[in-house]
Structures are given as structure tokens and as C-alpha cells.
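Step one of this worksheet: look at the structure below.
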Amino acid sequence: MSDTTVGRAELDAARLLLARMGISPADLVEAASDRPPAPTFAEYVPVVAAAVSDGTRRAYGSYWKRVLEHWGQRRLDEPTPSEIEQLAEYTKTHVVARRNARGGRSAAEHLIAALRCLYKRAVADGYIAAADNPALKVAKPRRLPSTRRAVADSRLAEINAVAASTGDDPALDSLLLRLHTETACRRGGALALRPVDLDPDQCLILLREKGDTVRWQPVSPTLMRHLQQHAEERQAVGTGQLLRNRNGQPITYRRYDHLWVCASVSTCRGCTCSRSARTGCGTRR
């Protein structure tokens, strides 16, 4: 590097700054050479997967698996931004087509986010420099406007009527619907609800949701009374999960599959299938 390329004034300023900090140019060269060799994706993905939260692991796990399929034996410092864009495009065109698919844009976005999470850890662990992070040099696909909309009052009434009159546990299904209607909480917030989170004096419930969000949510006296009654009848105490099946076992995300997937009685009223709700039969028994 010549003085004319950078300018003598800039070089003098850099030398002065390094001198003030007690750093020599040789120290900078040695620091770069002391960086440990970058591991392969096959070696590093399990390390990151074990360090992140369960929610992050669920969100990015399938995308890390895709990265391992393509780059498992490559080192972290080998892929370029262009190669990441190529992998994102491949992921975008090989997604499983669903009714609400939007051309694979979400899959490409999640792949890039998964790689950013991976490289962020690699930077923190000293395997690559922050300036060399290739995932940050790739833009995520622009999100399209959401197609979500509120459920009409008439349709919500129909859903509640079906839940209250069919299924293997109408009381639980009705309580779930009432809880989500009043609080707009996520499934995780409902599943994390405990008896100790109920404040009947002020009609408040403590919701713990995505991203470690904690909030006190007002509810109606009717919902509070039914939540307390449910906890008492199904022996939910203290810090145990509040929402439980008839046998006293805590419900899981599968209860929502039963409620929404198997509640399509309008299209399967004549079904005589004897399979359980877990198989996805259209009839709520």
C-alpha cells in the first residue's frame, strides 16, 4: 500500500491512533493470524443448536439441516454471499407447497435468518471477523402484505357452537376458545398458564409468551371463574400447567390440532371413521 493510494495524512493519523492505543501494525497482523481455524458446518451447527432456545431451535432446525446437506464439510469462512443467495433461491424453489404458500419467500427469509444466527455465534466465538460475516451481506426477501384477517363474529359463533357440542372434551375446547378470544394470547401463552398466574381479585392472568414477553392481561369474571373451576376439577395446582385433559395430563400443541383440524364437521359429517383424533380424521367424536 503506497502513501499516494491512501494519503500521507490518513497514514499519519492511523499511526498516531495506534501509538496512542499502544498497538503496533505487527500486533494487528499477529492478531489476524492467531484466529482459530473455522470449523465445518457439520461441526459447528450442533454447537449452536445446543446453545439457542427451544423456540429458536424449532424455527431454524430444518434450515440448518438444509445447510448441512449442502455445505456440511465446508468451513464457515468458505461460503460467499453469492453462494448464500443461491442456497436461498434453491430453498425457495424446493419448499413443500401448501394452501397458504407464497412462492417460498418465507423459506428463503428463514434460511438467511438461520445463517445469520449461525454466523453471529461464529463471530462471538472468534472464528470469523464481524466484517467477514457473509450472511449479513445478503438481503432478506421483502415481505408481502399479510393475508391474515379477523374472524367474523358469525363464524366465531359457529366455531364456539361446534366446540361446545362435539369432540371428546367440549369443556376444555370451549375454555381454550374463550381464553384466546378474550386475551388474543398465543398458544404458547395458554400452554404456559399456571394456577399461580391467576389473580381473581383483580381479574388478571399472567401470560408468558414468545420472546420471554410477560404481561398481566385483564379477563372477564366469567373466564376467571371457569379457569379456577378447571384447575380445581383437573387437579392443577401451584406452578403446574393449568390447562389439562380429563385424565389430568397437561395438554400440548396437539390439542389445537384436534380442535382445528378435526373440527371440520361441516365437510365430514357423514364420516364413520373410527380412528382417533390424532390421526387427523375429519369427525370429532
Side-chain angles (χ1 to χ4, degrees), residues 55 58-59 98-100 106 145-269 277-278 280-285:
R58 284 194 300 269
R98 296 186 174 90
R99 286 191 307 170
N100 61 345
S106 179
S146 175
T147 57
R148 293 184 179 182
R149 62 186 185 278
V151 178
D153 291 343
S154 58
R155 182 52 57 88
L156 183 60
E158 292 176 3
I159 293 173
N160 278 279
V162 171
S165 59
T166 62
D168 60 359
D169 196 345
L172 173 60
D173 292 339
S174 297
L175 183 62
L176 275 175
L177 289 173
R178 182 65 179 266
L179 174 62
H180 288 287
T181 300
E182 284 199 21
T183 67
C185 67
R186 296 174 178 268
R187 290 183 301 175
L191 295 176
L193 193 61
R194 308 167 300 176
V196 296
D197 296 329
L198 305 182
D199 183 351
D201 294 333
Q202 301 183 74
C203 277
L204 297 173
I205 63 174
L206 182 64
L207 292 173
R208 292 167 287 122
E209 299 186 281
K210 183 178 180 180
D212 297 326
T213 301
V214 179
R215 62 186 172 98
W216 283 101
Q217 174 66 40
V219 297
S220 67
T222 301
L223 176 57
M224 178 61 70
R225 183 171 65 254
H226 281 88
L227 286 172
Q228 290 181 294
Q229 181 181 353
H230 178 89
E232 181 179 353
E233 292 177 350
R234 308 206 175 184
Q235 301 180 351
V237 296
T239 58
Q241 184 174 325
L242 189 149
L243 296 170
R244 295 173 179 264
N245 294 304
R246 283 178 171 173
N247 60 7
Q249 291 298 315
I251 68 169
T252 66
Y253 284 95
R254 292 293 297 175
R255 188 68 208 179
Y256 290 90
D257 296 338
H258 171 80
L259 177 59
W260 294 111
V261 178
C262 303
S264 303
V265 293
S266 60
T267 60
C268 192
R269 287 185 182 276
R278 295 185 67 181
C281 172
T283 299
R284 286 168 57 82
R285 299 179 297 141

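Nothing fancy with the numbering, it's 1 onward along the sequence. No experiment lies behind these values; they were computed from the predicted model shown.
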Specify the closest pair of heavy atoms between [X] and [Y], including all atoms of both residues, with the distance to one decimal.
X: Glu209; Y: Gly189; value: CG-CA, 3.7 Å
X: Tyr253; Y: Gly188; value: OH-CA, 3.7 Å
X: Arg208; Y: Val214; value: CG-CG2, 3.9 Å
X: Leu193; Y: Leu206; value: CD1-O, 3.5 Å
X: Gln228; Y: Leu198; value: CG-CD1, 4.0 Å
X: Gly240; Y: Pro195; value: O-CD, 2.9 Å

Return the set of residues passing side chain to side chain contact (heavy atoms under 4.5 Å, CB included) with [X] (not counting sequence neighbours), or none when no residue passes.
X: Ala59; value: none
X: Gln202; value: Asp199, Leu204
X: Thr181; value: Leu156

field: Point-to-point distance, once rounded to the nearest 0.5 Å, from CZ of Arg255 to CG of Leu176
entry: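 Arg255 atom CZ to Leu176 atom CG measures 7.5 Å (nearest 0.5 Å).
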message: Rounded to the nearest 0.5 Å, what separates atom CZ in Arg215 from atom SG in Cys185?
response: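 With rounding to 0.5 Å, CZ (Arg215) is 7.0 Å from SG (Cys185).
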Indicate yes or no: at least one non-hydrogen side-chain atom of [X] is less than 4.5 angstrom from one of [Y].
X: Leu177; Y: Leu259; result: yes
X: Leu243; Y: Leu179; result: yes
X: Asp197; Y: Leu242; result: no
X: His258; Y: Asp169; result: no
X: His226; Y: Gln229; result: yes
X: Asp257; Y: Arg254; result: yes
X: Leu191; Y: Thr252; result: no

- prompt: Is Thr213 reaching over with its side chain to a backbone N or O of Lys210, donor-acceptor style, under 3.5 angstrom?
  reply: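 Flag set: sc Thr213 to bb Lys210 pair under 3.5 Å.
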query: Any chance CD of Glu158 has more than 12 other-residue heavy atoms, nucleotides or ligands included, within less than 6.0 Å?
result: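 Count over threshold, so yes.
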query: Can you list the residues that meet the side chain to side chain donor-acceptor pair (under 3.5 Å) rule with Ser165, with sequence neighbours excluded?
result: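 If we apply the side chain to side chain donor-acceptor pair (under 3.5 Å) test to Ser165, skipping adjacent residues, there are no hits.
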Pairs flagged by side-chain hydrogen bond (donor to acceptor under 3.5 Å, both in side chains) wherever residues 240-249 is involved - sequence neighbours left out: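 For residues 240-249: none.
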query: Do any pairs count as a salt bridge (charged side-chain N to carboxylate O under 4.0 Å, His left out) and have a residue in residues 182-193, sequence neighbours left out, and if so which ones?
result: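 For residues 182-193: Arg178-Glu182.
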